[in-house]
Amino acid sequence: MTPADVTVIHLTDTHIRAEGDLVHGTIDTLDNLARALDRIVGSRQRVDAVVLSGDLTDNGAPEAYRRLRAVVEPAAAELGAQIVYAMGNHDDRTAFHTELLGLDSGSGDLEAPHDAVHDIHGLRVIVLDSTTPGRHEGWLTDEQLAWLDEELSQPSGRGTLLVLHHPPIPSPVATVNYLRLQDPDRLAAVLAGSDVRMILCGHSHLTSSGAVARIPVWVGPALSYRVDPIAGVGSHRGVAGHGFSRIDVLESTVVATAVETTPAETVYDIPEQDMLARLHALQLRAG
């Protein structure tokens, strides 16, 4: 890694609820989020941005956004990282704008889609709101696509990451596939030939990848719970488990890495230099 590289932490599907409310009666999603952020901060790794790609809350409750903000903002400040928020189908536009972004009715239409552009050390991050109030599948309007086309007409120094909640790729899970971004070819037509280097999504509650217009699509692991992609035939199964993604934007490529945060026993934890020395010694022997 060099100083010119950009590292983004991608969090998705946090599904925060009001205090005392557990998701599906069993999952303390704020605890999952707080533990993940503690791990990231405690790693002392350089992080340039924290991107949250939707379903930040489970039911759009204003209190849930305040609880999320109370753990995300201090962590980002300690990291020296920018925060990028995107809407998901479980989010509420008015509460999202007022509680997370600090806007009021005098600042614009609080029910409008949240589309935004951020600059992260020369890396452009474009957020598209793929939600429609009252619906769970994803849609983009003609106006949004025209806006995106205009934004992409001028290349960015380090290229662009596109963030939206609904994946524009198929899924082997029937329910997830049914609720993906609809008419993804419309998005592909705008992205073709652009400087978009990767598309970051959530929504699926399972980790997957694909491509649109030859651009990699990364569907990050949820921080709340998982959908089993190989459940028994005819079954839709949710299981305990959570994680986040590390996105490294390098000069030559973009690397997405899933990071497990489900509690697990440590196999080993040794100095990195010791492991490198062992590997070097093995190479010398082989040579």
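Every heavy atom of this structure was used, including side-chain atoms; hydrogens, water molecules and symmetry mates were not.
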Exercise. Taking only residues two or more places apart in sequence, or in another chain, which ones meet Asp58 in a salt bridge (Lys or Arg N to Asp or Glu O under 4.0 Å)?
Worked result: Arg17
For this session: Using the test salt bridge (Lys or Arg N to Asp or Glu O under 4.0 Å), find all partners of Arg124 that sit at least two apart in sequence or belong to another chain.
Result: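 Expected list: Asp195.
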Exercise. In chain order, what residues pass the side-chain hydrogen bond (donor to acceptor under 3.5 Å, both in side chains) check against Ser43, with sequence neighbours excluded?
Worked result: none
Shortest non-hydrogen separation from [X] to [Y] and the atoms involved:
X      : Y      : result
Pro229 : Leu206 : CB-CD2, 4.1 Å
Ala18  : Ala64  : N-CB, 4.3 Å
Pro167 : Gly202 : CG-O, 3.4 Å
Tyr178 : Glu137 : O-CB, 4.2 Å
Thr131 : Asn89  : CG2-N, 3.6 Å
Thr207 : Pro221 : OG1-CB, 3.2 Å

Counting only N and O atoms by type, is there a donor-acceptor contact under 3.5 Å from the side chain of [X] to the main-chain atoms of [Y]?
X      : Y      : result
Arg180 : Asn177 : yes
Glu78  : Ala75  : no
Arg197 : Arg158 : yes
Ser224 : Asp13  : yes
Thr141 : Gln144 : yes
Asp31  : Asp28  : no
Ser208 : Ser171 : no

For this session: Report the C-alpha distance between Thr12 and Leu52 in whole Å, list the side-chain angles of each, state the deciding distance to 0.1 Å, and finish with yes or no for side-chain contact (heavy atoms from CB on, under 4.5 Å).
Result: CA-CA 5 Å; Thr12 194; Leu52 295 93; over 6 Å; no
For this session: Please write out which residues are connected to Val23 in a hydrophobic cluster, directly or through intermediates, given that two of Ile, Leu, Val, Met, Phe, Trp, Tyr count as joined at side-chain heavy-atom separations below 4.5 angstrom.
Result: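 Noted: Val23 shares its cluster with Ile27, Tyr225.
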Exercise. Side chains of Ser130 and His165: do they bring a donor and an acceptor to under 3.5 Å?
Worked result: no
For this session: Would you please say whether a donor-acceptor pair under 3.5 Å links the side chains of Asp55 and His203?
Result: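 The criterion, which ignores hydrogens and geometry beyond distance, is not satisfied for His203 and Asp55.
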Check [Y] with [X], please: is the shortest side-chain N to carboxylate O separation under 4.0 Å?
X      : Y      : answer
Arg46  : Asp5   : no
Glu260 : Arg226 : yes
Asp274 : Arg278 : no

For this session: Verify the neighbour count for atom CG of Leu276: are there more than 12 heavy atoms of other residues, nucleotides or ligands below 6.0 Å?
Result: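 Counting other residues, nucleotides and ligands, CG of Leu276 exceeds 12 neighbours.
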Exercise. So with a 6.0 Å cut-off around CD of Glu111, is the heavy-atom count from everything else above 12?
Worked result: yes
Cluster check [X], [Y]: I/L/V/M/F/W/Y, side chain < 4.5 angstrom:
X      : Y      : value
Val249 : Met198 : yes
Leu101 : Val50  : yes
Leu223 : Leu79  : yes
Ile126 : Val254 : no
Leu68  : Val41  : yes

Value rounded to 0.5 Å, distance of [atom1] in [X] from [atom2] in [Y]:
X      : Y      : atom1 : atom2 : value
Leu200 : Leu162 : CG    : CG    : 8.0 Å
Leu100 : Thr57  : CG    : OG1   : 8.5 Å
Ser204 : Leu179 : OG    : CG    : 9.0 Å
His166 : Leu164 : NE2   : CG    : 8.5 Å
Arg66  : Ile16  : CZ    : CD1   : 14.0 Å
Leu37  : Ile9   : CG    : CD1   : 9.5 Å

Problem set entry | Listed partners of Phe96 passing ring-ring contact (aromatic ring centres under 6.0 Å, His included), at least two apart |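 By the ring-ring contact (aromatic ring centres under 6.0 Å, His included) rule, Phe96 matches His114.
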Exercise. Excluding sequence neighbours, so at least two apart, what forms ring-ring contact (aromatic ring centres under 6.0 Å, His included) with His136?
Worked result: His90
Can you find a pair of side-chain heavy atoms, one from [X] and one from [Y], that are under 4.5 Å apart?
X      : Y      : result
Asn32  : Thr261 : no
Arg246 : Asp248 : yes
Asp183 : Arg186 : yes
Trp147 : Leu140 : no
Val227 : His236 : yes
Leu30  : Val71  : yes
Pro168 : Cys201 : yes
Thr29  : Thr14  : no

Exercise. Hey, which of Leu161, Val212, Leu148, Ile215 is the one that makes side chain to side chain contact (heavy atoms under 4.5 Å, CB included) with Val196?
Worked result: Ile215
Problem set entry | Test side-chain contact (heavy atoms from CB on, under 4.5 Å) applied to Asp104 and Thr98, step by step | CA-CA 6 Å; Asp104 56 33; Thr98 57; 5.7 Å; no
Problem set entry | Aromatic ring proximity, centroids under 6.0 angstrom, His15 and His242 |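 Distance test on ring centres: not under 6.0 Å, no.
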For this session: Determine, stepwise, if the pair Asn59 / Asp92 fulfils side-chain contact (heavy atoms from CB on, under 4.5 Å).
Result: CA-CA 8 Å; Asn59 56 11; Asp92 177 85; over 6 Å; no
For this session: Would you mind telling me which of Ser53, Ser245, Ser209 makes a side chain to side chain donor-acceptor pair (under 3.5 Å) with Trp218?
Result: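 So the option named by the test is Ser245.
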Problem set entry | Intermediate values then yes/no, side-chain contact (heavy atoms from CB on, under 4.5 Å), Asp48 and Gln82 | CA-CA 6 Å; Asp48 300 295; Gln82 293 190 46; over 6 Å; no
For this session: For a salt bridge (charged side-chain N to carboxylate O under 4.0 Å, His left out) with Arg93, tell me which candidate from Asp129, Asp109, Asp115 qualifies.
Result: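 Exactly one candidate clears the test, Asp129.
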Problem set entry | Step-by-step side-chain hydrogen bond (donor to acceptor under 3.5 Å, both in side chains) determination, Gln45 to Thr7 | CA-CA 9 Å; Gln45 298 272 354; Thr7 297; over 6 Å; no
